[in-house]
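Have a look at the structure below before the remarks.
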Amino acid sequence: MTLTITVLPASTQAGKETIRFLLQDESQPKIKAIYRDPAKAPSEFTSNANFSAVQGDVSGAGDSELDFDDSDAVFYIPPPTYDGRDTDDFARACADRVKAALRKASSSVKRLLVFSASGAQYEKDIGILSLNHIADTILKSSAPEVVIAKTGFFMENWASAFETLEGEKPYFESLFTPLDYKIAMISTVDIGKVMARFLLQTGQPLPSAPYIFDLHGPRSYSANDVRAALEIATGKKDIEIRAIEPDKLFEYYNSKIPEKYAKGLEEMTVAMLPGGLVAGDMERPENVVRGEIELVDVLRKFASGEATKAVSGAF
Ligand SMILES: NC(=O)c1ccc[n+]([C@@H]2O[C@H](COP(=O)([O-])OP(=O)(O)OC[C@H]3O[C@@H](n4cnc5c(N)ncnc54)[C@H](OP(=O)(O)O)[C@@H]3O)[C@@H](O)[C@H]2O)c1
């Protein structure tokens with residue numbers, strides 16, 4: 001049977017990488033990708049007859065209901081918002097809409113895959129990760145098969161380091177301190193591969209309902225490890241690390257995004273640091289799937305220009 005899989009929002013990093021793997025799969029699933037602006041669908045996808053881009057805003061701003069009627073599986077990535085709306089209200093509104101669409105399409109959708117984050121099981125003191133806690137809680141039994149993937153920090157976030165490596169004294173800023181403290185990271189390519197696998201297994205038994213796992217890379221990395229990987233990837237020597245100490249995190253984030261969201265990112269980062277609520281999840285995840293891609297290989301692609309990422313948002 002050919003699967004029809006809906007991905008929303010398809011413009012997210014996780015959505016895009018997953019669609020790429022799905023379109024390459026020999027079973028040739030049909031992909032329905034929901035974009036606020038379908039013109040953003042890349043030509044590598046739109047040129048594939050198994051791909052269709054449809055318009056939809058997951059928060060419901062000024063458009064009709066989400067339609068999953070023809071889908072066997074749905075992949076939902078809770079998007080962040082920086083447009084003035086309250087993060088928790090936004091997360092609730094989005095997840096409620098996804099849940100309503102699943103209920104309406106109950107005869108077709110067998111599997112829901114929810115993208116989440118390490119630490120999202122905690123109810124509070126996790127900052128912006130409340131977005132994921134709310135989505136996981138609302139959606140955990142909204143389809144016959146529910147899979148919740150809690151991922152570590154994206155390795156691709158370090159693309160921002162390349163902005164400050166070109167000067168006479170190359171440096172990058174690290175939100176993670178002390179500099180030898182290791183954080184769970186994962187490449188978005190590994191994310192796409194694993195998410196595609198779980199979607200293509202729709203209809204196959206899961207170990208539990210919902211099935212929840214952590215997704216990390218092959219190892220964890222400290223700021224010192226990031227520096228070593230940057231030095232290998234770029235051939236530059238003596239790259240300086242400018243540590244953003246915990247008491248400066250708010251100022252750092254607020255230089256990029258409004259105050260109300262900067263607070264959420266500060267709290268999330270502190271929760272990940274030593275002694276923080278999420279620190280244990282980073283070090284000793286209970287049920288972990290590991291990707292294969294090393295940080296140095298992700299950074300090599302940015303250094304060679306093979307990969308580009310618009311550096312925007314918070315990281
Ligand atoms: N970044 C990380 O390191 C990391 C780690 C673990 C988990 N996560 C989780 O990954 C998820 C994505 O976070 P991210 O910061 O990495 O974002 P992202 O993948 O960069 O995606 C943000 C995209 O969401 C889309 N979007 C925003 N509001 C939307 C709406 N109302 N309707 C439809 N699309 C909308 C926007 O697309 P357009 O502007 O093109 O419409 C935007 O490009 C979050 O749940 C986050 O907690 C992230």
Side-chain angles (χ1 to χ4, degrees), residues 12-14 77-81 87-88 90-92 95 114-140 147-158 160 173-188 190-191 194-195 210-226 243-250 252-254 256-257 260-291 295 313-315:
T12 51
Q13 299 171 75
I77 306 103
T81 185
T87 294
D88 289 5
F90 177 77
R92 231 170 265 120
V114 184
F115 196 69
S116 187
S118 299
Q121 71 274 26
Y122 301 112
E123 210 176 328
K124 53 185 185 152
D125 301 329
I126 54 172
I128 199 170
L129 297 182
S130 61
L131 163 72
N132 299 107
H133 179 79
I134 290 167
D136 296 356
T137 306
I138 291 176
L139 295 170
K140 66 184 176 197
V147 179
I148 298 177
K150 293 162 58 200
T151 68
F153 188 77
F154 295 175
M155 292 179 183
E156 284 74 5
N157 293 335
W158 294 107
S160 59
E173 294 177 307
S174 173
L175 302 164
F176 302 123
T177 53
L179 298 184
D180 61 353
Y181 176 65
K182 292 187 189 282
I183 292 279
M185 300 184 199
I186 173 87
S187 160
T188 56
D190 271 337
I191 287 173
V194 174
M195 296 302 109
Y211 179 60
I212 303 173
F213 67 96
D214 276 273
L215 178 57
H216 292 179
R219 71 193 76 239
S220 295
Y221 300 89
S222 66
N224 286 334
D225 296 331
V226 175
I244 314 292
E245 296 297 337
D247 64 342
K248 293 281 188 276
L249 284 169
F250 174 75
Y252 171 85
Y253 284 125
N254 196 204
K256 297 169 184 276
I257 53 169
K260 66 195 285 192
Y261 304 117
K263 279 194 180 131
L265 283 157
E266 176 197 27
E267 191 174 277
M268 174 194 75
T269 309
V270 169
M272 289 161 73
L273 298 181
L277 192 58
V278 182
D281 298 72
M282 294 271 153
E283 289 158 20
R284 298 174 300 280
E286 272 178 21
N287 180 22
V288 69
V289 172
R290 291 213 174 263
L295 179 63
F315 297 111

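All values below were derived from every heavy atom in this structure, side-chain atoms included, with hydrogens, water molecules and symmetry-related copies excluded. In this chain, residues are counted from 1 in sequence order. Because the structure is predicted, anything quoted here is derived from the model rather than measured.
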Is the shortest side-chain heavy-atom distance between [X] and [Y] below 4.5 Å?
{"X": "Val194", "Y": "Phe213", "value": "yes"}
{"X": "Ser116", "Y": "Lys150", "value": "yes"}
{"X": "Leu129", "Y": "Tyr122", "value": "no"}
{"X": "Pro246", "Y": "Thr177", "value": "yes"}
{"X": "Ser187", "Y": "Glu156", "value": "yes"}
{"X": "Val226", "Y": "Met185", "value": "yes"}

Atom [atom1] in [X], atom [atom2] in [Y]: separation rounded to 0.5 Å?
{"X": "Ile244", "Y": "Phe176", "atom1": "CD1", "atom2": "CZ", "answer": "11.5 Å"}
{"X": "Leu175", "Y": "Phe153", "atom1": "CG", "atom2": "CZ", "answer": "6.0 Å"}
{"X": "Asn224", "Y": "Leu179", "atom1": "CG", "atom2": "CG", "answer": "5.0 Å"}
{"X": "Met195", "Y": "Ile77", "atom1": "CE", "atom2": "CD1", "answer": "9.5 Å"}
{"X": "Gln121", "Y": "Asp214", "atom1": "CD", "atom2": "CG", "answer": "7.5 Å"}
{"X": "Ile212", "Y": "Asp136", "atom1": "CD1", "atom2": "CG", "answer": "7.0 Å"}

For the residue pair [X] and [Y], what are the closest heavy atoms and their distance?
{"X": "Tyr221", "Y": "Leu295", "value": "OH-N, 3.1 Å"}
{"X": "Ala135", "Y": "Pro78", "value": "CB-CG, 3.6 Å"}
{"X": "Gly291", "Y": "Leu215", "value": "N-CD1, 4.4 Å"}
{"X": "Asp180", "Y": "Ser222", "value": "C-CB, 3.4 Å"}
{"X": "Gly152", "Y": "Ile186", "value": "O-CG2, 3.6 Å"}
{"X": "Ala14", "Y": "Ile191", "value": "CB-CG2, 4.1 Å"}

Would Phe115 and Asn132 count as a side chain to side chain contact (heavy atoms under 4.5 Å, CB included) here? Give the steps.
CA-CA 8 Å; Phe115 196 69; Asn132 299 107; 5.6 Å; no
Partner set under side-chain contact (heavy atoms from CB on, under 4.5 Å) for Thr81, not counting sequence neighbours
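Scan of Thr81 (side-chain contact (heavy atoms from CB on, under 4.5 Å), adjacent residues dropped) gives Asp83, Arg85, Phe90, Tyr261.
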Is it the case that the side chain of Asn254 and the backbone of Ile257 share a donor-acceptor pair, with hydrogens and angles ignored and the cut-off at 3.5 Å?
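Judged by distance alone, yes, a pair lies under 3.5 Å.
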Distance-only polar pair, side chains of Thr188 and Gln13, donor-acceptor under 3.5 Å:
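No donor-acceptor contact under 3.5 Å links the two side chains.
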Does a donor on one side chain sit under 3.5 Å from an acceptor on the other, for Ser118 and Asp281?
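There is no such pair (donor and acceptor under 3.5 Å, judged by atom type) between the side chains of Ser118 and Asp281.
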List in chain and number order the residues that pass side-chain hydrogen bond (donor to acceptor under 3.5 Å, both in side chains) with Tyr211, two or more places apart in sequence or in another chain; answer none if no residue qualifies.
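Here the qualifying residues are Asn287.
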